[in-house]
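Report on one structure; see the data block that follows.
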Protein chains: 2
Amino acid sequence: MRPTVHDIAERAGVSLATVDRVLNDRPGVRGVTRAKVEGAIAELGYVRDVAAANLAKSRVYPLVFILPEGDNPFMRGLEDEVRRAGAHSMVERTQLSVVTVPAFDGRALAREIDGAIERAVAGIAAVAVDAPEVLAAIGRAREAGIPFVTLVSDLANSGRDHFIGVDNIAAGRTAGSLMGRFLGERPGPVAVLAGSMRVRDHGERLEGFLAAMSAMPVSRAVLPVLEGQDDPELSFGLIAKCLADVPDLAGIYSLGAGNRGLVKALAATGAARSLCVIAHEVTDETRAALEGGLVDAVLNQDAGHEVRSAIRVLRAKADGLPVIAAQERIRLEIFIKDNLPSEPGADDTPGAAGN
Amino acid sequence: MRPTVHDIAERAGVSLATVDRVLNDRPGVRGVTRAKVEGAIAELGYVRDVAAANLAKSRVYPLVFILPEGDNPFMRGLEDEVRRAGAHSMVERTQLSVVTVPAFDGRALAREIDGAIERAVAGIAAVAVDAPEVLAAIGRAREAGIPFVTLVSDLANSGRDHFIGVDNIAAGRTAGSLMGRFLGERPGPVAVLAGSMRVRDHGERLEGFLAAMSAMPVSRAVLPVLEGQDDPELSFGLIAKCLADVPDLAGIYSLGAGNRGLVKALAATGAARSLCVIAHEVTDETRAALEGGLVDAVLNQDAGHEVRSAIRVLRAKADGLPVIAAQERIRLEIFIKDNLPSEPGADDTPGAAGN
DNA sequence: ATTTTTTTGATTTACGTACATCAAAAACTC
DNA sequence: GAGTTTTTGATGTACGTAAATCAAAAAAAT
């Protein structure tokens, strides 16, 4: 059976009060006594019963998720997942809140991080922005002893506890390999639709894509990047023009969130029947396009898994417990039509409204 | 804040003892009193604090995993995952045990299920076998109020609480689609390596594969199934013979666990340079083959996720709590060389032994 | 109305831990 | 050795729930 604080007291020859002082780093214990207690803890392999401690303390873990605003479907899906998890999180003594900031606004993000620090939350998860003020804010959170997780978009050298997301270079490389395999020896250039090359994630995906394409047996041109700012109408226009201007176009890689415009352009021109199209993230649009044959493959990161992982990691850090690395590793999923899981809520009664 | 039993007592105008009797279905409560208490429970939205209850009861959840014996790498990996999870499961009041039975032995499996029922375990997870005595044993477990999860291999109409695994027809279809896409217009038949067609899972994968291949624009022969009994040497022989007998072979789909023999035959003959090879489950052999270019894609189900899911589902069922469907859905993963996650333990110091 | 049976309430103990209080013991200083 | 300071121990209360006991109250039966 598991050792308790009573066992420690007996093994070390001290009282419960002394054990409590050592376990919780309270003052009033001589070094020699502390050593005895710590020795007993180690010998017994004592692990705190966190559930019992939380009960005694009536502890609640307030966690905050800071997400970018806008109509990026993936981010909205991420927000939905947080809200869904939050609906029954009090059962696990967790209280989730969502704060949104303008996309790519480092200053606003830093401000919200500092706000969360002020409120003494138990942990922070944020989609990072490459900006010095964000770097500094993360540093302040860590100094205040608040666990910090970057979500989807990492920030190097930030001291964050954990990154939850996929490797974007590998993502691009995967897209390139698949594109090359699917196209085989069929000739013609490929186009790339990005949001903005100023975003590091997009740059990394392109880098990986180009590397993989250049390693393919068949040499193939990659056209200059189309920057659609993740805007549906702008993306639509760029793709439609490209389809018109490049009659021998062989494929399109959409590495950002402009998929609504892409899918619309493909459907409008009927071009997808002869193109290989690879996009990122399963959303309503890309799911429909995959099922309807407009898109050949979607590379996905599971927002639900990411949110659950963030919660688990922040909780583990707050409790000083180990993180199970294998469980928290986010896989880059490849979906074709045949392995696409059924839509969430597909089990619901047809008349049910939303989910 | 969360309502407690005290709030129920006050709301219903009864004592704590009565609330306890109602909550725990103990005798000695009139119907009219019970209705009052249940009304208060509903109005308050009371949800039991399972952690507090477990503390009061010193509860432990003994769970048993019944797995097939043998050197099937996937099953051994599954067993490793259970043992790994069991190493620190007491922290969560869970006690995992593994029982192995001869592969495909329905009688032995039924006997172990009954043994677990006798020991009054909190839940059972088993790789199912299609046999009437197994069906009956699962029925007995359910009658005894013991939650039952089928793992990897399901059993229809068994009354099990949950299936944790992938859809094998979809798996076969995915393999067929990928094979067709990767081969493009390149001519030549494809071969299928199975364990045994007597195993329903293998039959389903073949079914899906054939359906997808026949839907491809290019018509392509599928050779009669090679049944290697998941034996490395038998599989080696069958593949080597096939490679010698069919010089225009275009691809191989390995739907079972004979991959060690397959990979060895490919390496020995140098045939893989001109073949498209798709296999199932990431194991040491398939990982190396994928990285070395002998295999083009591996379709995988994550054993670690499956074990964690089984534990979560069994715990939730034992507690009478809801199962989060999205979290417990096992995805059919497609791995090519570029999105293959680094090997578990790859973060360890190079000198570290095993893991 | 009386007797018998059933229901209800009050109370205690328990789980493992957190945290506070204050007297007693030990250690330190002069 | 006396006085002062620090450390330690004993104890109580708390968290939310489980479970047992027995007296008192309520309901049912005669």
Side-chain angles (χ1 to χ4, degrees), chain A residues 1-41 44-61 90-95 122 318-321, chain B residues 1-41 44-61 90-95 122 318-321:
Chain A
M1 203 53 219
R2 294 176 67 181
T4 71
V5 284
H6 293 277
D7 302 314
I8 297 172
E10 188 174 330
R11 170 74 65 122
V14 301
S15 71
L16 272 183
T18 300
V19 171
D20 172 78
R21 289 181 185 116
V22 172
L23 280 177
N24 298 291
D25 252 321
R26 284 189 244 277
V29 186
R30 284 180 312 157
V32 51
T33 311
R34 175 178 301 273
K36 276 199 307 186
V37 174
E38 285 173 344
I41 290 168
L44 287 166
Y46 169 82
V47 176
R48 192 189 303 257
D49 185 337
V50 172
N54 287 342
L55 177 60
K57 295 196 287 190
S58 300
R59 184 173 188 184
V60 172
Y61 300 76
M90 276 311 293
V91 173
E92 291 114 26
R93 297 182 175 276
T94 306
Q95 195 174 61
D319 289 333
L321 294 177
Chain B
M1 203 52 221
R2 291 178 69 183
T4 71
V5 284
H6 293 276
D7 301 314
I8 298 172
E10 188 175 331
R11 170 74 66 122
V14 301
S15 70
L16 272 183
T18 301
V19 170
D20 171 79
R21 288 180 187 115
V22 173
L23 279 177
N24 298 291
D25 253 322
R26 284 190 246 275
V29 186
R30 282 180 315 159
V32 50
T33 309
R34 175 177 300 275
K36 277 202 301 186
V37 174
E38 285 172 344
I41 289 166
L44 287 167
Y46 170 81
V47 177
R48 191 189 304 256
D49 185 337
V50 172
N54 287 342
L55 177 62
K57 296 195 287 188
S58 300
R59 186 173 188 185
V60 171
Y61 300 75
M90 276 310 293
V91 173
E92 291 114 26
R93 295 183 177 276
T94 307
Q95 195 174 60
D319 289 332
L321 295 177

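Here is how names work: the chains are called A, B, and so on, in the same order as the sequence lines, proteins then strands, and each is numbered from 1.
Regarding Asn54(B), its CG atom lies at a distance of 12 Å from the P atom of dT17(D), rounded to whole Å. Note: CG (Asn24(A)) to C1' (dT8(D)) measures 16 Å, nearest angstrom. At whole-Å resolution of the value, CZ in Arg26(B) and P in dT7(C) are 16 Å apart. Across the protein-nucleic acid pair, Glu10(B) atom CD and dT8(C) atom P stand 19 Å apart, rounded to whole Å. For the pair Arg34(A) CZ and dT6(D) C1', the interatomic distance rounds to 14 Å; values are reported in whole Å. Per the geometry, CZ belonging to Arg21(B) stands 17 Å off P belonging to dT17(D), to the nearest Å. We find that NZ of Lys36(B) is positioned 13 Å from C1' of dG9(C), with the value rounded to whole Å. Taking atom CZ of Arg59(A) as the reference point, atom P of dC19(C) lies 10 Å away to the nearest angstrom.
Checked options Val14(B), Asn24(B), Asp7(B); the residue passing with Val19(B) is Val14(B) (criterion: side-chain contact (heavy atoms from CB on, under 4.5 Å)).
Between the OG1 atom of Thr33(A) and the CD atom of Glu38(A) there is a distance of 11.0 Å, given to the nearest 0.5 Å. Considering CZ of Arg2(B) and OG of Ser58(A), their distance stands at 11.0 Å, rounded to 0.5 Å. Note that the CG atom of Leu23(B) and the CD1 atom of Ile41(B) stand 4.5 Å from one another [nearest 0.5 Å]. The structure places CG of Asn54(A) at 11.5 Å from CG of Leu55(B), a figure rounded to the nearest 0.5 Å.
Under a 3.5 Å cut-off, the side chain of Arg93(A) and the backbone N or O of Arg59(A) do form a donor-acceptor pair. Not one N or O on the side chain of Asp20(A) forms a donor-acceptor pair closer than 3.5 Å with the backbone of Leu16(A).
Contacts between residues 12-20 of chain B and DNA chain C, counted as heavy-atom distances below 4.0 Å, involve Gly13(B), Val14(B), Ser15(B), Ala17(B), Thr18(B).
Among all heavy-atom pairs drawn from Arg11(A) and Ala40(A), the shortest one is CG-CB, 3.4 Å. Of all non-hydrogen atoms in Ala318(B) and Ala122(B), the two that sit nearest each other are CB-O, 4.1 Å.
Here Val29(A) lies in heavy-atom contact (under 4.0 Å) with sugar-phosphate atoms only.
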Distances for protein N or O near nucleotides 23-30 of chain D N or O, under 3.5 Å:
none

Which pairs, protein N/O on one side and nucleotides 12-16 of chain D N/O on the other, fall under 3.5 Å?
unit_1, atom_1, unit_2, atom_2, d
dC15(D), O2, Ala56(A), N, 3.2
dG16(D), N2, Ala52(B), O, 3.2

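Within 6.0 Å of CD on Glu92(B) lie more than 12 heavy atoms contributed by other residues, nucleotides or ligands.
Side-chain contact between Thr18(A) and Arg30(A) is absent, with no heavy-atom pair separated by less than 4.5 Å.
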